[in-house]
Structure formats: C-alpha cells, structure tokens
Peer 1: 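Right, I'll just put the structure down here and ask away after.
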Number of protein chains: 2
Amino acid sequence: MRITGDQALVKKLNKSIVLDTIRRKGPLSRTDVSEKTGLNKATVSNLTLELIEQNLVEETGLGESSGGRKPLMLLFNGSAGCVIGVELSVTRVKAILTDLKGTILQEHVLPLGQLDEDAVFEVIGKVIQPLIDAAPQTTHGIVGIGIGVPGMVDESGLILYAPNLNWEGVDLKSRIEEKYNVPVVIDNEANAGAAGEREYGAGRHVRHLVYVSAGMGIGSGMIIDGQLYKGAWGYAGETGHMSIESDGRLCSCGNQGCWELYASERAYSYTSLPALTTAERVEQAKVGDASTLEMYEEIGRRLGIGVTNLVNGFNPQKIVVGGPLTEAKAWIEPKMLATIAKRALPYHRRELSISFSELGSRSAVLGAAHLAVAQFLGRVRVSV
Amino acid sequence: MRITGDQALVKKLNKSIVLDTIRRKGPLSRTDVSEKTGLNKATVSNLTLELIEQNLVEETGLGESSGGRKPLMLLFNGSAGCVIGVELSVTRVKAILTDLKGTILQEHVLPLGQLDEDAVFEVIGKVIQPLIDAAPQTTHGIVGIGIGVPGMVDESGLILYAPNLNWEGVDLKSRIEEKYNVPVVIDNEANAGAAGEREYGAGRHVRHLVYVSAGMGIGSGMIIDGQLYKGAWGYAGETGHMSIESDGRLCSCGNQGCWELYASERAYSYTSLPALTTAERVEQAKVGDASTLEMYEEIGRRLGIGVTNLVNGFNPQKIVVGGPLTEAKAWIEPKMLATIAKRALPYHRRELSISFSELGSRSAVLGAAHLAVAQFLGRVRVSV
DNA sequence: AGAGTTATTATAGGTTTTTATTTTGAAAGT
DNA sequence: ACTTTCAAAATAAAAACCTATAATAACTCT
C-alpha cells in the first residue's frame, strides 16, 4: 500500500515547500515565497500563518520596497525546538544539543569502556541527560534524537551489524525512544556525516554528494537527489571494501585488496613503522619524517584511486572527504587531487568539486542532529 | 520552482497508482484495487472509469466470488497504443515495434556504414519507417520512440559524448522528434538494458537493481527505488572505468586497471591468442580449447571482483549481467559466482540475487521501448 | 424464498487550492 | 495636506477532488 493523494497530502507537501523555502532562502516576503515556489499568494499566506502559529516562522520586520507597501520579511525560527545528536564510536560517545538550525548549544563527551549493549546504553544516557537538562524552554521542546553508529543500519533503524562493537541486530532505537519518549533516528556514521556536511558543511546546496569517511576504515554516505541512499536493505556505502587491487592484501571481510587497507588508518599497519595513531603520525609528518611523508603520499594516491572509482560510477556533483584521517589532510591532499585529476573520466571531472570536511570531527554529530530535525520538520517530495 | 500540490496533482498521482496497480497485478476488481492501494472504493471507481474511457483499462468479465456479487475484473489494455524501441550500436541499428505491454510486434535491423550524425540519422529513419507503417490502428497510435545509445546522455536527452561513434553534443532527440512528431526518450545503452530487464526480464519486481552490460566495454545501469539513477549530470554508470588494479593496464580513458580491460571483450586483446570475436571464441571454448577456457575463467573471476565492488558499495537487491559477452556465459558464470560468494560482504550477499540477462540481445531495445511507454503513462511518485 | 455477502455506484460533506476582490501601507505628486 | 499610485497581504467565493456513508445490484447459501 503506497502513499496516495488527498488534500492532507497536498497541504503537507505545500507547507513543507513553504517552510523549506523560508528556511533555505529566507528572509523572504510572502510574495517572494509565492514567486519562488509557484504557489498562489493566498496559499502562501495561509500556510505561513500556520507556520507562525507553530512558531516555526517569524516575521522579522519590514524589508525594502520597490515602490509600494513594504514587505513583511519571514524567517525560519530555529529556536522553536531542540534536538540531540549523538555519535557513537568504539572509544567514546559524543553528543550535542542544537537548535533547529544546527546551532550547537552544548556538547558532552564520555569515554566508552565496555562495549556490550547495556553498558553502551548506560553511557549514552549519561551523555545525553545533562544535555536534556540544559535544553532551553522552547515551544516544541526536544523534538528528536539522532544517532550515528559505526555499523550497518536498516531502514527501520535496527542496527544489523556493527563489527567494531561486536553488535548484531541491536534495537537501540526502541530502547532510547522508550526511555526518553522522543522520536529517535539511527543511521550509519558515514551517512550521518554525509547529512551533516550536506546540511551545514562543505555540501550545502549540493544534490548529489558522496561523503567519504576515512578513519579506522572507510565508509561512504551517498546523497542522491538530496536524499540519503541506503540501498536495498540499508547496507549501501561500504565502499571501504571495494577492491582496488584484485590480488592484493587479504581483508578481514573475506575480500582482497580492499580500498580501506590502502587508504585508511588500517594502512598504517602495513608499513615498517611502528603502528601509531594518526595524531602521532601527524607529529612525525610535521617534523618531516621521510617514511611518514612517503606513506601519506601513498595513502593520498590510493584515496584518489578509490574516489575516482566512485566518481566514474556515481557521477556525483561533489565529493567530501572527512573522518579522523583528514587530520593529515596537508600531506594527503596534493597527491589525492592529482590522482583524481589524472584518472577520472573527463566529463565526470569537469563539473566535479572535491573538498575536505568543513565540520571536521563534528560532521557525524551534526548530521545525526540534522536527521532528527529533518524528521521533525517532515519533508514531502514528489517527482513526475 | 518545484512541483507543488493541488488537486490536479492528487488526481494524477492516484490515477497513476490505479493504472500501475492494474498493470502490474491485474486482473483485479475495483475492490481489489481499493484494498491494495488504500484508495477509497469510490475514488477507484471514478479513476477506473476515466482509464476505461482512455482505453487503457478494460473490463474482461466476471471473476470468482466468495459468497456475494461477482467482481468485474479489470486488465491493463496493452493494445491501446504502440511504441518504437531503438538500439543504436556501432555496427547496426536495431528497432522494434511493441505494444504498451512490451509485446514485440515487429523487428527490423540495418547495418551502419558511416558513423557521422547525418548518416546515422538516415539509417535510423530507414529502420523505423517500416515499423511505423506496420503499426496497427490503435486508440493512441504511436505514443513514443525510445532510443538506447552507446554513450553518455544527460537528463535532457542530449548525447554528450559517445566515444565509439565519435559524437559529442548531438541532439538526436530533437531531430527525431521534429521528423516524426512524437515524444522521444534517449538514454544510455546500459540504462536502457537495465530498464528492459527490470520491466520485462530478470529484474521484474525488483526495486534496487544493477544491470551490468559487458561487451566491448562495461557499462552499468542502476535502478534505485524503481528509478534509473543518472547521477548529477547523467553520466552515472561508467563502472567499466572503475579501477580494480591500481597499477594495472593503461586504459584509453587515462585511468589504470579499469575493470573493462579485464572483464569485457577488451580483455581478448591482452591474451596471446589472435584477437577474435566472442562468437569465434565461443566456438573455441565449445571444442575445449584450453587457453580460451582459461581466459574465460579469468574473465569470470574479474567480473566477479567488479560485481563485488558494486554489491558492497550499492547494496542492490539484484545484479543482472547482460551484453554480448554473455554469449560465453557457460564458461564465465561458475568462476564469477564463486568469486562473488567468496568476496562480497556477508550481509550484502545474504539476500542478493545474481542472474544473467533474460532478454539476451533484446534487453536494450525492449528497455528503450519501455522508456517510451513509461513516459507516455506518466508515473507520479511521492515520498514522505 | 430469504438472509447474508460482496461489488459497484450515488450522494453529501469536507478540505484545499485558485481566482478575484478588498484592505492595508508607504511613497510620490499636486 | 490630500489624493493618487503601486505593491503586499488578507479575505471571500468558487472549483476540484477525496472520503464516508448509504443505496443499489448481483450473487451464494441454507
């Protein structure tokens, strides 16, 4: 049974168009909104009224006139509610409290000891609670919690498999929803990062975006036509296990020559250098250690090779590279860009833009927060 | 200015839902349609009436009752119109005339001599004209022409680049539309093939499908959530130029280790055997020529490696392999499947199905024809 | 033959957009 | 100072479509 059309749908659609337009392009007058959206002025007036009643939009005062009555400018009111964004990694739980515009109001981090479900659940609670307590009094209160996790998440939010946590089939969503009585969205860390960069970072206004998160492994979040692509069962984006060397290194996944063995922190263990963290390696790079520089150059090259594969296959508008590895950006970037420039198909490359994360280590938390905002604001989309 | 909601949209949406339901699951009664779609019975009745007036649906008689009035069964009337599907390759132009259900009514092929735009245009005309003349008298007549071409096509139907034809920026669509005064859809050969297999072949009822077309090169058509994914500018699917060997063979595209150098007919030229066509190679394989068998085994392995990459990155529901190379299916398949079974991520593999083209050399023409049908029937889609 | 089921159609009611009209507000001209 | 002019926003009436409910039609079973 699919979504059918009725007046309620029409109104929901138009209302979400009006809100979205004001949110992205405001301040605008009602007439501006009408012109930009194609909706009738009367319709915009009605819907705006409701949005103002919901406190999601506010009139900020008079704008400039071009010869008649001055327009009343409308602005999205990000302060009408709050959300919490959580990033769950293997070592720690990071959470932020933001308003509906993504302004970070408060941040809180705790280390993670044991990784069993109950222990993690408890830590999440300890990280979140202070944020909930600190949330300002707003019209809608805390409207949702978004969580990014290092693993595969299906469409319903069930964590199917998180190898690094040793989790399989964990329904964190329901547990948190029950405890806090607030809608919860759970997604993969890379998907959350992609959402974050697309909404608040390097991918603003981009419709087709691939976010590559390089850390202990590589994962990708793909935004297609403005929407996260999750594949048939929610496991899309495991590009770290794309083979770029048919008979290359053996990976724990069973495949050979996986991209992440050459282009993530996992590549460290294949060098003769003692396995260090990225922070330590970066120190070595800063003092000009030759073998470290060489290693980062090779990582850059391999990153470029993998990104080229994504570019040729996907034809995205933009590639954003993020994740812990990007601390070493300075030593990785030149070779990566050169490799892509040399290898990617000319037409694909022509209008492609490549950049590094703008939100740094906050891509995923901000993205998780945004997923919750997006669910609250409720976007309707139609294609003909 | 995006699509806004009004009653016309609602009606269009619901009508397309009703038609689609009858088309895919018919014969059904009005009540069945109401239950399956969630639309009110009265609404279904109204819309069905209009569809019957348009001759797109017909009442086929009474069905079985389970204790009350017998239902009037409804069926999609594929004979209400015709379309023409064209496959343009480097050596020939193939075209078919089908009804709206994809039944092939007539077929016509002509070889291609010169490859300049005018010459090709003329041959297309010669192939199409007899089909147009042969088209039966129907309510809607010839409702569209769909064309699959070996190159990249943007969203507007402009052929941006077709290396094998040496074309760049050719607006075949407008020329044919002007001449025949009928809507024309143009897409990449792999995309057409994907559409064909999804509608009439191995991918029926599949929402997330990747079609891999292996011939002189490799191209992929990706169907995401039932819709062809074209990327930011229409060039998605050039997976043949995904590198599976970072420092491998040099490709004409500028990249190294491109998949198609190892897993398409282009691999032939890297063997010590004289470069033969697939037809000839298959003959050799049939008589058990050792080096040919070995070669096909290697091609199978490499195909498997590339397919694994697509599976891990995309998480499709189904992979369909087609194209001229699949004439050698018997010698390729075992190794390909074994490679995928060994290399693909367990969760991705679990519910994945892999098969070869069911439509054989007709995937692309049938797909092209279907693209025209789909445009005529006009599908509206909503997501919340 | 009559009661119970199921399919389809008819009618009325409600919601929403659109079109047309009116009101409000500000600047410019007389 | 008052009117005119232009544009923004609000209001009122009209049209379109879906839903709910009821009515009718057709059939099965006892």
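To find a chain, count down the sequence lines: A is the first, B the second, and so on, and within it residues start at 1. All heavy atoms count here, side chains included; hydrogens, waters and symmetry mates do not. These numbers come from a predicted model, not from an experiment.
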Peer 1: Could you tell me whether A/S29 contacts a base, only the sugar-phosphate backbone, or nothing, with contacts defined as non-hydrogen atoms closer than 4.0 Å?
Peer 2: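 Result for A/S29 = sugar-phosphate.
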Peer 1: Do B/Q54 and B/K15 have a side chain donor and acceptor closer than 3.5 Å?
Peer 2: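 Distance-only check passes for B/Q54 and B/K15.
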Peer 1: Establish, from distance only, whether the side-chain atoms of A/S174 and A/D171 form a donor-acceptor pair under 3.5 Å.
Peer 2: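 Looking only at side-chain atoms, A/D171 and A/S174 do form a donor-acceptor pair, the distance falling under 3.5 Å.
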Peer 1: Which heavy-atom pair separates B/T21 from B/T37 by the least distance, and what is that distance?
Peer 2: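 Shortest heavy-atom separation between B/T21 and B/T37 comes out as OG1-CG2, 3.4 Å.
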Peer 1: Verify the contact: side-chain N or O of B/S45 to OP1 or OP2 of C/dT9, cut-off strictly under 4.0 Å; return yes or no.
Peer 2: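 So the side-chain polar atoms of B/S45 do come within 4.0 Å of the phosphate oxygens OP1 or OP2 of C/dT9, strictly under.
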Peer 1: Quick check on DNA chain D: between A/L49 and B/T43, whose nearest nucleotide comes earlier from the 5' end?
Peer 2: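 In this pair, the answer is A/L49.
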Peer 1: Students often get this wrong, so: under 4.0 angstrom with heavy atoms, is A/L72 touching a base, only sugar-phosphate, or nothing?
Peer 2: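 Since only primed, P, OP1 and OP2 atoms lie under 4.0 Å of A/L72, the category is sugar-phosphate.
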Peer 1: So, B/D32 and B/S29: side-chain donor and acceptor under 3.5 Å apart, yes or no?
Peer 2: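 There is such a pair between these side chains.
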Peer 1: B/K41 near the nucleic acid: base, sugar-phosphate alone, or nothing, with a heavy-atom cut-off under 4.0 Å?
Peer 2: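 Answer is base: heavy atoms of B/K41 come under 4.0 Å of a base.
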Peer 1: Distance check needed: D/dA9 P versus A/E35 CD, whole Å only.
Peer 2: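 The distance from CD of A/E35 to P of D/dA9 comes to 11 Å, rounded to the nearest Å.
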Peer 1: Give, for atom CD of A/E58 and atom CG of A/L72, the distance between the pair rounded to the nearest 0.5 Å.
Peer 2: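 It comes to 12.5 Å.
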Peer 1: Report the distance from atom CG of B/L62 to atom P of D/dC27, rounded to the nearest whole Å.
Peer 2: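 So the CG-P distance, B/L62 to D/dC27, works out to 7 Å.
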Peer 1: Whole Å only: how far is the CG atom of B/N40 from the C1' atom of C/dT8?
Peer 2: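 Result: 12 Å.
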Peer 1: Measure NZ/B/K70 against C1'/D/dT24 and give the value in whole Å, please.
Peer 2: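 In whole Å, D/dT24 C1' and B/K70 NZ are 19 Å from each other.
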Peer 1: Take atom CD1 of A/I17 and atom P of C/dT16, then tell me their distance rounded to the nearest Å.
Peer 2: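 That distance rounds to 15 Å.
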Peer 1: Is the phosphate of D/dA10, meaning OP1 or OP2, less than 4.0 Å from a side-chain N or O of A/N46?
Peer 2: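 Indeed not, no polar side-chain atom of A/N46 lies that close.
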Peer 1: Give the residues of residues 5-13 of chain B touching DNA chain C, defined as any heavy atom closer than 4.0 Å, sorted by residue number.
Peer 2: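 The answer is B/G5, B/D6, B/Q7.
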Peer 1: Side chain of A/R30, heavy atoms from C-beta onward: which of D/dA10, D/dC18, C/dT8 has the nearest atom to it?
Peer 2: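 The answer is D/dA10.
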Peer 1: Hey, are A/K25 and A/D20 close enough for a salt bridge, meaning a charged N less than 4.0 Å from a carboxylate O?
Peer 2: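 Salt bridge between A/K25 and A/D20, a charged N being under 4.0 Å from a carboxylate O: no.
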Peer 1: How many Å lie between CD on B/E50 and C1' on D/dC17, as a whole number?
Peer 2: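 My rounded result for the distance is 11 Å.
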Peer 1: When you check the phosphate oxygens OP1 and OP2 of C/dT8, does a side-chain N or O of B/T31 lie under 4.0 Å from one of them?
Peer 2: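 For C/dT8, OP1/OP2 do have a side-chain N/O of B/T31 under 4.0 Å.
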Peer 1: Could you give the CE-to-P distance, from A/M73 to D/dA8, as a whole number of Å?
Peer 2: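 That distance rounds to 10 Å.
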Peer 1: Supply the atom-to-atom distance A/I224 CD1 to A/H208 NE2, rounded to the nearest 0.5 angstrom.
Peer 2: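 Rounded to the nearest 0.5 Å, the CD1-NE2 separation comes to 8.0 Å.
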Peer 1: Which whole-number value in Å describes the distance from B/D32 CG to C/dA7 C1'?
Peer 2: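 Checked: the CG to C1' distance equals 10 Å.
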